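Given the structure is predicted, the values throughout are model-derived calculations rather than measurements.
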Amino acid sequence: MDVSPREAEVLELIGDHLSNAEIGARLFISVRTVESHVSSLLRKLEVPDRRALAGRAARPIAADGTTGTTGTTHPAPVLPAPLTSFVGRASERAELTRMIETGRQVTALGPGGVGKTRLALTVAADAAETYADGVWFVDLVPVTGPGMVAAAVAGALGLGEEPGRDLTESVIAALADQHALLVLDNCEQVRDGVALFLERLLAACPRLAVLATSRARLMVPFERIYQVPPLSLGGDGESDAVALFTERAAAVGWPLDPSLRAQVAAICDRLDGMALAIELAAARCPTLGLDGLTAALSHPLRMLTGGSRAEDRHRSVRAALDWSHTLLEPSDRALLRQVSLFVAPFTAAAAAEVAGVDGGIVADGLARLAEQSLLVVTPVPGGTGYRALETIRQYGTEQLAEAGELAETRSRHLRWCLARAADLAAVGPDWRARFDAVADDLRAALKWAADLPEHRAEAHRLARSLADLTFTRHLVGESQARFEQAAALAKDPADAASMLRNAAAVAGCRMRGDDMYRLHREAADAARRAGDTAGAAVGLATVATTAFRFSSKFVRVPPREEAVGLITEARGLAGESPSAQAAVALAEAGMALLDAFETAQSGGGGRGDALPETIRRAERAVELARRTNDPLAESAALDTFAAVRSWAGDTFGAAETIRRRAGLLAAAPVTPAGTHELIDALAEAAEAALGIGDLPDARRWARQLADHPLLAEVGHRATSLLLVADALAGNVDQVLTGGVRFLDTWRRSGSRDTPVLGAAAAGVMMVHGLRHDDEAQREWQEVLNQPETLSEHAHGYGAVFDAILLLHHGQAARALERMAPDPEEVWRWITWTWLHWYVALRAEATVLAGSPNAAERLADARTVVSGNPVATAIVERAEALLDKDRKRVLATADAFETAGCRYQSARSLILTGGEHAARGAVLLSDLGLAPIAVPAG
């Protein structure tokens, strides 16, 4: 079957380990479309899961784009590919299939080695056609803690982490309306975490079914239990157990003579029909034969007396492992137990480091262990990998302990993990693949080392490295947790303070204001314990500053009195430290601005008498921050100064300050704190450029924001300002393309953040109105019709976009009515980005509606918008229309074109009339817009 060019593009990006949202952003398609392509690729390339697709991406597709496979259009099950065939269990398959068809959540329960995973995989594959939205498999063996369950499921689904939302919420949003089957394997590893996750998931996803495998019940409300029995043990030699033994023996070159079936049945009976034990025994047939197997099994199994039958089955697997292990050469026994520490697939080179032996010897030993079914061969980036089944891995770890080698081998594994983490410090083209290949082992080593005092220093190093690495991988929730873990492991309180400040910055990237506040307070406490009073002062002042700078990120904004107390305490600790003095000055300036704003909002009049003092405080904060030579401190001060200048009505001054801030951060190192500041600065820079009519700059800053990898999963937030800029410029194609990503991720996010994103939605809706696309207009009205309503929509962006649309349709009187409030009446809402647009369009509506005070309003508008190229051109055009000066109207077309506003340029040509109108109509048509209604006269 052909792989389409688009699918080939998707495959290449999967090979780069991008999430579905990241792929969608790169290719300008919806996440749902990416999911469809992934499902198609799984089917066409006959691979089981996303990891296999990533490996397949490295192999070229035939020149004609074909794969030579066939299939249906139904989503392919995302399941691991069994290396051997499934044998028997017809009744078990039927029963378990019936249970998942009628139940919300079924747990296949049984001891290790009974065959739970293979049965669940076979049933899931059988049932795939039943689930329109596919089947997804998640192995929980590598999961090191309850909080990581959602991350494992998200990874299988191709979901990245969304700022402002935990991964459980992201998984729920992705599966909320899906008719799908989720297979969770080895749940006993993190049973409590699975139970909490499933309670939330199943309550919110009514069409989702879950098939879990576990050694213990999960104890969740929807759970139904299926006790997985051993393989059947018929006395006639025709049982499932005998069939499995026969097939596996033939696979290793020992075809079974039918006359020996009774002897095979006796062996299977000794092994209690346990699938893993039978496979291990069959793998020994070429060297031991049936007589040798019978003798090898007799001694250990004679000890299995007493106890329940279930306990016997546990023991029979253990016994089979014991004799299989005993029959190995001593060097292979040692190798098996040493590599049992690897959680993820590992290479021969990695095994040699952890085992502490020569690489050539290890490679031969791994091959022999694979021949004995004690290891599974699996592809890994760059070559051949190996892994042990979880039951064998646990057995090997026990053997390490019994041999007295556990601590030493774990220490080598820890050193190997530290070395791999150091290797990953340099980010290269294949960085994601290399990180993903070792991440589970890094986590497992850290979990072990963190509990041992003698390894505390190494655990601190690994936690710190993993925090940095997961931040680079955009696993920001884990990054914050790892920085907090590193702080807890640090011996030096100064190190702890540094880690806590990093954790606070990551929390800011996650839109978690409450966490930022808490962590900065903890950092201040740690600095105080370290004897760093200046650092404590900076921390306390930063806590207060966080409360007003990032108040929208809080669930509970701390009361003003609390912030005042923190500033007072910080001032007392600051001493002569430049950094501390700068931080305190910034907090004081921010508090002054907040007080002024709250006074105005509560009906206290205009900008207030305190404005000059607020400006002075902000200027002092900027100067003190500049002296620290810390770009992040200066960025924070510039942010507050820009807000003060905006509040004062100094639009151009605010824009200049914000440009300075964004330029300062462009050269700053990529750190959590730097990233948090940069994302905030890019948004403000784009808004400021829009406010002064610098559309090219607005698009430049907004494009950087839209392309920022940390915002890939929240495309509606990432693209919002770019959509506004393109809508005002008349870049229709870009609006339509960006709107797909916006609407897709906005809906997948649960249709949240409407107040923040209203301008983008209004802008896109306006463009569809200019196109006369009523259906699309109604779709975007859905975004604006959320319960949240803001005066900014009524008097700011909403009025601006509505006025542009009404003027396009020749409805000047309605446009004037829409913008009836004088700017001074609604200055709180339109001072920042929308003042110049509001004033200019209001003036044009006044002229076109024939208002008698048009000349007066034009004069006032010209003063307000002076310096803004687009708004000035709108006012100039309106004045020329009032004077009936066609030459001046025409001149504004060039002014708009120079300013990057093609829509208004076309409008000027059409309003000029004559032959210019025809040229304007062509330009408007090229933009994809409907004709303009030209006013009479």
Nearest-0.5 Å distance, CG of residue Leu175 to CG of residue Leu157: 5.0 Å
Within residues 180-195 or reaching into it, pairs that qualify as salt bridge (Lys or Arg N to Asp or Glu O under 4.0 Å) - sequence neighbours excluded: Glu188-Arg215
Check ion pair Arg432-Asp16 (N to O, under 4.0 angstrom): no
For Asp139, the option from Asn186, Thr117, Thr213 that meets side-chain hydrogen bond (donor to acceptor under 3.5 Å, both in side chains): Asn186
Where Ser479 and Val506 come nearest, the two heavy atoms and their spacing: OG-CG2, 3.8 Å
Side chains of Met765 and Phe801 in contact at under 4.5 Å (non-hydrogen atoms): no
Presence of salt bridge, Asp680 and Lys553, under 4.0 angstrom: no
Contact check, side chains of Phe471 and Thr675, non-hydrogen atoms, under 4.5 Å: yes
Pair up each side-chain donor or acceptor in residues 732-741 with any protein partner under 3.5 Å, not counting sequence neighbours, and list the distances.
{"residue": "Thr737", "atom": "OG1", "partner": "Asp733", "partner atom": "O", "Å": "3.0"}
{"residue": "Arg741", "atom": "NH1", "partner": "Ala706", "partner atom": "O", "Å": "3.3"}

Residue pair Gly193 / Pro146: nearest heavy atoms and the distance that separates them: CA-CB, 3.6 Å
Distance-minimising heavy-atom pair for Ala152 and Val143: CB-CG2, 3.8 Å
Side-chain ion pair, Glu390 and Lys116, N-O less than 4.0 Å: no
Option among Leu211, Val153, Val135 that satisfies the side-chain contact (heavy atoms from CB on, under 4.5 Å) test with Leu182: Val153
Pair Arg473 + Glu478, salt bridge at N-O below 4.0 Å: no
Test item: Glu713 side-chain N/O and Gly160 main-chain N/O as donor-acceptor pair under 3.5 Å: yes
Donor-acceptor pair between Arg6 and Thr33 side chains, under 3.5 angstrom: no
Within residues 177-200 or reaching into it, pairs that qualify as ring pair (Phe, Tyr, Trp, His ring centres under 6.0 Å) - sequence neighbours excluded: Tyr131-His179
Basic-acidic side-chain contact under 4.0 Å: Arg747, Glu779: yes
Pair Glu101, Thr130: side-chain N/O donor-acceptor within cut-off below 3.5 Å: no
From Thr122 atom OG1 to Glu92 atom CD, the distance as rounded to the nearest 0.5 Å: 11.0 Å
Basic-acidic side-chain contact under 4.0 Å: Arg26, Glu9: no
Minimum heavy-atom distance between Arg93 and Leu119, given as atom pair plus value: CG-CD1, 3.8 Å
Electrostatic pair Arg98:Glu95 at N-O distance under 4.0 angstrom: yes
Contact check, side chains of Leu198 and Leu201, non-hydrogen atoms, under 4.5 Å: yes
Heavy-atom closest pair, residues Leu721 and Glu687: CD2-CG, 3.6 Å
Side-chain donor/acceptor of Asp440 to backbone N/O of Val343, under 3.5 Å: no
